[in-house]
J.: 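The structure is given below, and queries will be raised subsequently.
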Amino acid sequence: MTFRTLLHPLFAVLCAFAAVDLRAQVPDQPSKPDALQTPPTGPSALSADLFYRLLLGDVALQRGDVTLAARAYLDAARNASDARLARRATEIAIASRQRILVQEAAKLWSQLDPSAERPKRVLAALAADGDKGMPNTAEDDELRSRIERVLADAALSGPGVGEVFMQLNRLFSQQSNKRGVLLLVRDVARPYPKTPEAHYAVALAAFAAGDDLATASEASDEIDRALELRPDWERAAVLKAEILARKSSASSVQFLEGFVAAHPEAKSATGALAQQYVDQKRFNEARALMQKLWDREPGARDLEFAVAAIALQMKDYAGAERLFLDLKSANYGEPGAIDLYLAQIAEDTKQYAKAIERYQAITDGERAWLAKLRIASMYAKQGRLADAQRWLAGLDAVTKEQKVQIRQAEAQLLRETGDDAAAYRVLAQSLDEHPDTPDLIYDLAMVAEKLDKIDEAETRLKRLVELKPDDAQALNALGYTLVDRTQRTDEGLALIERAHKLSPQDPFILDSLGWAFYRMGRLDEAERYLRQALDGRPDAEIAAHLGEVLWRKGERDQARALWKAQLDTHPDNAVLKETVRRLAP
């Protein structure tokens, strides 16, 4: 195994490891740069031009355009002759993987602050990499050697090897060759058997590499070793829960419950457990956990938000609305975020005029566009379909994506009124205007299937797979259609199995697998996959399928109990109602 597919280009990683202080990489959620927090002094202190460049860099960074951000900060550093800005430009340039930018920024930083060691190491790493083009095996060995030297230096001074190990997987997080990353991390971690962070790094790399038996076992063994060395380590506990969840959400929940009981102050582990409760629709337990954390930190708005969001899912609309209004008065969250939740509450409680008013209050960012689309749905729910269509027609769609979304929204309104034929016409016209748009192809295929145009649905979905051959949802949609609506079950199963390899934990793909095995008469396999699917997502249609398998196996009391539980919470689900009517009227 060579790492040449792992590192593109190699110099970016070498630059990152040239400095021991790996914390200085650009964060996932960039904070405001130092230069804006403490303005530079001197003749050019925050001149109009400098301010513009800093603002440009900050906005570009927030939008994820690290190359533009690096150029803006580099220009600002030159303008202000400020070493802090040059340092920031270097850090962002490394993340942008633009060799020339890295070199220019590091050189300027070194000139402005001759005592700084880090720019010298970055420049040395660039010189060592040279212009050799694609990495080769020798360069793979060089990368490993550099990481080993950083670890050796950190063991003697600096942040310590634990901190370096905690950065390894983040540095390689965008690499597609996950097994290559695992080999590398495993190799450099081997000399540190008593360092919990080393075992954590291997466990995380193995977890990312896939869920085959060998990597799953390695991930489990390594995270267990990390927790043996550091039993109260919350971050490791959360990773262990994620590893366990791949096999059994019940085991994951059981582990987290034990950890939280032993470490009640563990905020992240408690949040992870609450999320698992939410996934299992155990809302009361989830809210109790988050409420307990909030009681300890009454000023923590993020915890108040978590309690409010769970209350909304519990359909405790009064409680949720009270908390969201309090968050809104405190200006919590991004513009429009809380307004969306308040509008959702009005919509769910059938206060459609109030919902329209709240959606109209959202005027900033992408949420404003989403709110405009929802207003059309509010008109339709009032029985004003013509007004809804006129509203959509009057929206100022700028991009192709927005134009497509308007047609999708109109088609959805028509489907909700039972007019699948009209929805089909809207989607077909939109697809003529925007050929090969995946979302339109998918929606049109689903409507065609409802209209019993199975051949067309299949044709559309095959085109979708041609456009997105590695898209698990596209493969699953085509496979399920063949299994459910044709006699070509084997062909459909092969497609679903391809989807399963791409997304092994997706509950809807597991449902498709179970349904395919049911159609083939392989009832034990069908039950196993459908139970996994329902365990991952308590969904009414999955429950309908599992109940049908149990019914055919003769376990009819279990089937009835399962259906009744789902009908209590999803009384209008068409698939569930049809299944019960057909088998147990």
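Computed from a prediction, not measured in an experiment: that's the story for all the values here. All values below come from the heavy atoms of this structure, side chains included, with hydrogens, waters and symmetry mates left out.
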J.: If the threshold is 4.0 Å, N to carboxylate O, is there a salt bridge linking E458 and R488?
T.: yes
J.: With the threshold set at 4.0 Å, does a side-chain nitrogen-carboxylate oxygen contact exist between R282 and E257?
T.: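 Counted as a salt bridge, because a side-chain N and a carboxylate O are separated by less than 4.0 Å.
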J.: Just say parallel, tilted or perpendicular for the rings of Y480 and H545, cut-offs at 30° and 60°.
T.: tilted
J.: As an exercise, state the distance from CG of L482 to OG1 of T489, rounded to the nearest 0.5 Å.
T.: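 Going from CG on L482 over to OG1 on T489, the span is 9.0 Å.
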J.: Between T569 (side chain only) and Q566 (backbone N and O only), is there a donor and an acceptor less than 3.5 Å apart?
T.: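 Yes; at least one donor-acceptor contact below 3.5 Å.
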J.: Between E234 and K267, is there a side-chain N and carboxylate O pair less than 4.0 Å apart?
T.: no
J.: Under the criterion salt bridge (Lys or Arg N to Asp or Glu O under 4.0 Å), which of R374, K328, K354 is the partner of D339?
T.: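 For D339, the salt bridge (Lys or Arg N to Asp or Glu O under 4.0 Å) test succeeds with only one of R374, K328, K354, which is K328.
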J.: Begin from the C-alpha positions of N284 and Y277 and carry the test side-chain contact (heavy atoms from CB on, under 4.5 Å) through to its verdict.
T.: CA-CA 9 Å; N284 284 322; Y277 283 156; over 6 Å; no
J.: Using a strict cut-off of less than 4.0 Å between a Lys/Arg side-chain nitrogen and an Asp/Glu carboxylate oxygen, indicate whether D524 and K553 qualify as a salt bridge.
T.: yes
J.: Could you work out, with side chain to side chain contact (heavy atoms under 4.5 Å, CB included) as the rule, every residue matching A380, not counting sequence neighbours?
T.: A388, L413
J.: Can you name the one residue among W515, F517, F508, Y518 that meets ring pair (Phe, Tyr, Trp, His ring centres under 6.0 Å) with Y529?
T.: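 It is F517; the other options fail the test.
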J.: Is a side-chain donor or acceptor of T579 paired with a backbone partner of V575 at a separation under 3.5 angstrom?
T.: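 Present.
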J.: Stepwise, does the side-chain contact (heavy atoms from CB on, under 4.5 Å) test hold for E347 with K381?
T.: CA-CA 9 Å; E347 182 177 340; K381 288 184 177 183; 2.9 Å; yes
J.: Determine yes or no for a side-chain-to-main-chain donor-acceptor pair under 3.5 angstrom, with Q402 supplying the side chain and V398 the backbone.
T.: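 Yes.
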J.: Can you confirm whether the side chains of Q473 and D506 place a donor and an acceptor under 3.5 Å from each other?
T.: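 A pair is found: one side chain offers a donor N or O, the other an acceptor, under 3.5 Å apart.
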J.: Would a 4.5 Å heavy-atom cut-off, applied to side chains only, mark R179 and T215 as touching?
T.: yes
J.: Evaluate E334 against R367 for salt bridge (charged side-chain N to carboxylate O under 4.0 Å, His left out), listing each step before the verdict.
T.: CA-CA 10 Å; E334 297 178 2; R367 291 183 180 88; 3.1 Å; yes
J.: Would you sort out whether R498 and D471 count as a salt bridge (charged side-chain N to carboxylate O under 4.0 Å, His left out), showing the intermediate values?
T.: CA-CA 10 Å; R498 283 173 57 191; D471 186 284; over 6 Å; no
J.: Does the Lys NZ or Arg CZ of R246 fall within the cation-pi geometry relative to F207 - under 6.0 Å from the ring centre and within 45° of the axis?
T.: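 Flagged: R246 positioned over aromatic ring of F207.
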J.: Hey, could you give me the CG/CD1 distance between D348 and I345, rounded to the nearest 0.5 Å?
T.: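 That separation rounds to 8.0 Å.
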J.: Between E401 and T399, does the side-chain hydrogen bond (donor to acceptor under 3.5 Å, both in side chains) criterion hold? Intermediate values first, please.
T.: CA-CA 5 Å; E401 182 181 24; T399 65; 4.8 Å; no
J.: With the threshold set at 4.0 Å, does a side-chain nitrogen-carboxylate oxygen contact exist between R582 and E578?
T.: yes
J.: Kindly state each residue pair satisfying salt bridge (Lys or Arg N to Asp or Glu O under 4.0 Å) with at least one member in residues 410-420, sequence neighbours excluded.
T.: R407-E410
J.: Give the intermediate values and the outcome of side-chain hydrogen bond (donor to acceptor under 3.5 Å, both in side chains) for residues S249 and Q276.
T.: CA-CA 8 Å; S249 62; Q276 294 226 27; 5.3 Å; no
J.: Is the shortest heavy-atom distance from the side chain of L467 to the side chain of D436 under 4.5 Å?
T.: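 A side-chain contact under 4.5 Å exists here.
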J.: Are the side chains of L444 and E456 in contact, using a 4.5 Å heavy-atom criterion?
T.: yes
J.: Ignoring hydrogens and geometry, is there a side-chain-to-backbone donor-acceptor pair from R552 to L523 under 3.5 Å?
T.: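 No.
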J.: Run Q532 and L513 through side-chain contact (heavy atoms from CB on, under 4.5 Å) and show every step you take.
T.: CA-CA 11 Å; Q532 286 182 34; L513 271 177; over 6 Å; no
J.: Taking the side chain as everything from C-beta on, heavy atoms only, tell me whether W563 gets closer than 4.5 Å to L583.
T.: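 When only atoms from C-beta onward are counted, L583 and W563 do touch, with a gap below 4.5 Å.
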J.: How long is the span from the CG atom in L475 to the CD1 atom in I496, to the nearest 0.5 Å?
T.: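 It is 10.0 Å, given to the nearest 0.5 Å.
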J.: Would you say R537 has more than 12 foreign heavy atoms packed within less than 6.0 Å of its CZ?
T.: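 No, CZ of R537 has 12 or fewer neighbouring heavy atoms, counting only those of other groups under 6.0 Å.
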J.: Rounded to the nearest 0.5 Å, how far does CE of M520 lie from CD of E525?
T.: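 Rounded to the nearest 0.5 Å, the CD-CE separation comes out at 8.5 Å.
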J.: Looking just at side-chain N and O atoms, do E449 and T481 make a donor-acceptor pair shorter than 3.5 Å?
T.: no
J.: Compare every heavy atom of A533 with every heavy atom of D511, then report the nearest pair and how far apart it is.
T.: N-CB, 3.7 Å
J.: Which distance, rounded to the nearest 0.5 Å, do you find between the CD of E541 and the CG of L534?
T.: 12.5 Å
J.: Within this structure, what is the NZ-CD1 distance for the pair K468 and I441, rounded to the nearest 0.5 Å?
T.: 9.5 Å
J.: Kindly say whether R301 contributes a backbone atom to a donor-acceptor pair with the side chain of W294 at under 3.5 angstrom?
T.: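 Absent.
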J.: Measure the shortest side-chain to side-chain distance between Y341 and E321 over non-hydrogen atoms and say whether it is less than 4.5 angstrom.
T.: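 Heavy-atom side-chain distance check fails, nothing below 4.5 Å.
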J.: Would the number of heavy atoms belonging to other residues, nucleotides or ligands and lying under 6.0 Å from OH of Y442 be above 12?
T.: no
J.: Can L567 and K577 be said to form a side-chain contact (heavy atoms from CB on, under 4.5 Å), step by step?
T.: CA-CA 8 Å; L567 282 169; K577 287 168 65 177; 4.2 Å; yes
J.: Charged N to carboxylate O under 4.0 angstrom, R560 versus D557?
T.: yes
J.: Before accepting this row, confirm whether a basic side-chain N of the pair D316/R287 lies closer than 4.0 Å to the acidic partner's carboxylate O.
T.: yes
J.: Could you check whether any side-chain N or O of T459 sits under 3.5 Å from a backbone N or O of D455, counting only pairs where one atom can act as donor and the other as acceptor?
T.: yes
J.: Nearest heavy-atom pair of A397 and I406: which atoms, and what distance?
T.: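 Nearest pair, atom of A397 first, then I406: CB-CD1, 3.6 Å.
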J.: A side-chain contact here means heavy atoms from C-beta on lying under 4.5 Å apart; do F305 and I310 qualify?
T.: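 F305 does not reach I310 side chain to side chain.
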J.: Heavy atoms, side chains only, cut-off 4.5 Å: are R531 and L550 in contact?
T.: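 They are in side-chain contact.
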J.: List the residues meeting side chain to side chain contact (heavy atoms under 4.5 Å, CB included) with Q254, not counting sequence neighbours, and say none if there are none.
T.: none
J.: Any side-chain heavy atom of Y379 within less than 4.5 Å of one from L385?
T.: no
J.: Could you report the tightest heavy-atom contact between P538 and D279, atom names first, then the distance?
T.: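 Result for this residue pair: CD-O, 3.1 Å.
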J.: Other residues, nucleotides and ligands only: do more than 12 of their heavy atoms fall within 6.0 Å of NZ on K501?
T.: no
J.: Cation-pi check, K315 to F283: give yes when NZ or CZ is under 6.0 Å from the six-membered ring centre and within 45° of the ring axis, no otherwise.
T.: no
J.: Is atom NZ of K240 surrounded by more than 12 heavy atoms (other residues, nucleotides or ligands) closer than 6.0 Å?
T.: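 Yes, NZ of K240 has more than 12 neighbouring heavy atoms, counting only those of other groups under 6.0 Å.
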J.: How far apart are the C-alpha atoms of Y332 and E304, what are their side-chain angles, what is the distance that settles it, and do they pass the side-chain hydrogen bond (donor to acceptor under 3.5 Å, both in side chains) test?
T.: CA-CA 10 Å; Y332 175 81; E304 181 181 9; over 6 Å; no
